[in-house]
Amino acid sequence: MPELPEVETTVSGLRSVLEGELIVRAEPRRADLRWPLPPDLRQRLTGARVESLGRRAKYGLIYTDRQDVLIFHLGMSGRWRVDPAEIEKHDHFILETASGRVVALNDHRRFGSLDIIDSQQVDEYRFFAQMGPEPLSEAFDASVLQKALFGRKAPIKAMLLNQNIVAGLGNIYVCEALHMAGIDPIAVASSISKPRLNRLVIAIKEVLTAAIAAGGSTLRDFAAPDGELGYFAKDWRVYGREGEACICGSNILRRVDSGRSTFYCPKCQR
DNA sequence: ACGCACCCCTGTGCGC
DNA sequence: TGCGCACAGGGGTGCG
């Protein structure tokens, strides 16, 4: 489920539990998620102190004082459970701190991943090296997007889902941002005018910022006894609203493009 | 190089 | 109530 805002929210929540803490237990409960877990995961984390946490695109980063960074991806169904009452079937990896806090990476579909690398090599990490800019950074603007889309014949929606164009967007927020900017999801990417790209960039930043702010409010839940992270009900404008009325009054449609649902308003977006 | 279909995995919700 | 199917917010791989 998680896109950038959910990962950001997750990282914020984990930060409040892990930052500055000594790891006394790092326990893989199966040998693989999407890929095999690094065999030295337990050894590299046990006894290390968490220095800081961060995010790159949809990846969460947990830095330790051993010049390591634990990199997690939540895939489609991943979440960190905080101080769980008991360990469940799909809790695949567990961290415990010296102060007795426990976080468990739960991911029933196992599309998520866990890796640990030298923190000096983050930029060169195989999944980061080709990535586009962070959408919320100043490095992401209409000019940069226009250059990235130059000559690209694919639909704008596909381009926005491509992490090498801009990093961290998923299906929900792409649908929402395209609606907000009034752009047809199947418009040829390179044919979109600069003013419209500018609107698109603004819409992307807006929708992500709003979602992070909403996620921030769920951090209270994070502190709850069985505190679960990252899932918050959202009122989307088009996503998941096939057959409902758009704010303009027309019928919201759904189409499937290469296996992914696209929700859009044919009147607002053309 | 690019665009796209497919696949990994499990769970859920729906129609019949 | 049970069964089978469609679908799920990610993204790497391999094909044309």
Side-chain angles (χ1 to χ4, degrees), chain A residues 1-10 29-37 55-60 71-81 88-93 105-115 125-132 135 147-179 185-191 204 207-208 210-212 214-215 218 228-243 252-264:
Chain A
M1 309 211 169
E3 297 188 25
L4 184 155
E6 289 76 15
V7 177
E8 183 69 30
T9 300
T10 298
R29 306 192 76 247
R30 57 174 300 134
D32 60 346
L33 290 175
R34 179 174 186 142
W35 293 287
L37 268 53
R55 178 188 59 72
R56 173 72 171 117
K58 298 173 197 169
Y59 291 81
I71 303 179
F72 66 84
H73 194 290
L74 299 174
M76 298 274 269
S77 58
R79 61 206 173 116
W80 285 93
R81 302 201 308 129
E88 291 177 359
K89 185 178 173 188
H90 297 296
D91 290 337
H92 301 311
F93 179 71
L105 178 61
N106 183 284
D107 182 6
H108 67 85
R109 284 177 81 181
R110 302 205 306 272
F111 286 180
S113 62
L114 267 183
D115 205 352
Y125 186 49
R126 59 197 166 122
F127 298 135
F128 295 170
Q130 308 301 320
M131 260 183 192
K147 283 195 190 82
L149 297 179
F150 182 79
R152 305 297 292 257
K153 301 282 185 253
I156 183 65
K157 188 199 174 204
M159 289 292 94
L160 294 178
L161 287 173
N162 182 337
Q163 305 295 296
N164 297 339
I165 301 290
V166 53
L169 298 182
N171 206 25
I172 294 178
Y173 298 111
V174 165
C175 288
E176 291 298 303
L178 285 169
H179 179 266
I186 58 169
V188 171
S190 56
S191 73
I204 288 169
V207 72
L208 293 178
I212 290 170
T218 67
E228 301 212 343
L229 267 182
Y231 290 5
F232 39 90
K234 288 287 300 173
D235 291 319
W236 292 299
R237 294 162 58 149
V238 287
Y239 189 84
R241 294 187 171 274
E242 180 185 17
I252 295 169
L253 303 183
R254 181 175 84 102
R255 195 182 47 231
V256 177
D257 304 307
S258 49
R260 311 298 298 276
S261 286
T262 302
F263 296 90
Y264 65 106

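Throughout, a chain's letter reflects where its sequence line sits, starting with A, and its residues are numbered from 1.
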Visitor: Do the side-chain N or O atoms of A:Gln163 get closer than 4.0 angstrom to the phosphate oxygens (OP1, OP2) of C:dG11?
Guide: yes

Visitor: Hey, does the side chain of A:Tyr239 come within less than 4.0 Å of C:dG9's phosphate (OP1/OP2), counting only N and O?
Guide: yes

Visitor: Suppose you measure atom C1' in C:dG11 against the same atom in B:dT12; what distance do you get, rounded to whole Å?
Guide: 22 Å

Visitor: Of the options B:dG3, B:dT10, C:dG11, whose atoms approach the side-chain atoms of A:Arg260 most closely?
Guide: C:dG11

Visitor: For A:Arg34, answer base if it contacts any base atom (sugar-phosphate contacts may also be present), sugar-phosphate if it contacts only those atoms, and nothing otherwise; contact means non-hydrogen atoms under 4.0 Å.
Guide: base

Visitor: Please measure how far the P atom in C:dA6 lies from the corresponding atom in B:dC6, and state the result in whole Å.
Guide: 14 Å

Visitor: If a pair means Watson-Crick or G-U wobble with both distances below 3.5 Å, what does DNA chain C look like in dot-bracket form, with | marking bases paired to a different strand?
Guide: .|||||||.|||||||

Visitor: Is any side-chain heavy atom of A:Leu105 closer than 4.5 Å to a side-chain heavy atom of A:Leu33?
Guide: yes

Visitor: From the options C:dC7, B:dT10, B:dC8, select the nucleotide whose nearest atom is closest to the side chain of A:His108.
Guide: B:dT10

Visitor: Would A:Phe111 count as stacked on C:dG11 if the rule is ring centres under 5.5 Å and plane angle under 30°?
Guide: no

Visitor: Which nucleotide, C:dG10, B:dC4, B:dC9, lies nearest any side-chain atom of A:His73?
Guide: C:dG10

Visitor: Under 4.0 angstrom, heavy atoms only, what part of the nucleic acid is A:Met131 near: base, sugar-phosphate, or nothing?
Guide: nothing

Visitor: Students often mix this up, so state it plainly: with edges at 30° and 60°, are the rings of A:Trp35 and A:Phe127 parallel, tilted or perpendicular?
Guide: parallel

Visitor: Report yes if the side chains of A:Leu4 and A:Arg55 come closer than 4.5 Å at any heavy-atom pair, otherwise no.
Guide: yes

Visitor: What does A:Arg126 touch in the nucleic acid at a heavy-atom separation under 4.0 angstrom: a base, only the sugar-phosphate, or nothing?
Guide: nothing

Visitor: Output the single nucleotide from B:dC4, C:dC7, C:dG9 whose closest atom is nearest the side chain of A:Ala154.
Guide: B:dC4

Visitor: Of the options C:dA8, B:dG3, C:dG11, whose atoms approach the side-chain atoms of A:Lys153 most closely?
Guide: B:dG3

Visitor: Kindly indicate whether the side chain of A:Arg110 and the base of B:dC9 share any N or O donor-acceptor pair separated by less than 3.5 Å?
Guide: no

Visitor: Looking at A:Tyr264, I'd like to know if the NZ or CZ of A:Arg255 sits under 6.0 Å from its six-membered ring centre while staying within 45 degrees of the ring's axis.
Guide: yes

Visitor: Pick the P atom in C:dC7 and in B:dA5, then give their distance to the nearest Å.
Guide: 15 Å

Visitor: Do A:Phe93 and A:Phe72 have side chains that approach each other closer than 4.5 Å (heavy atoms only, starting at C-beta)?
Guide: no

Visitor: To the side chain of A:Glu3, which of C:dA8, B:dC4, C:dG10 is closest?
Guide: C:dG10

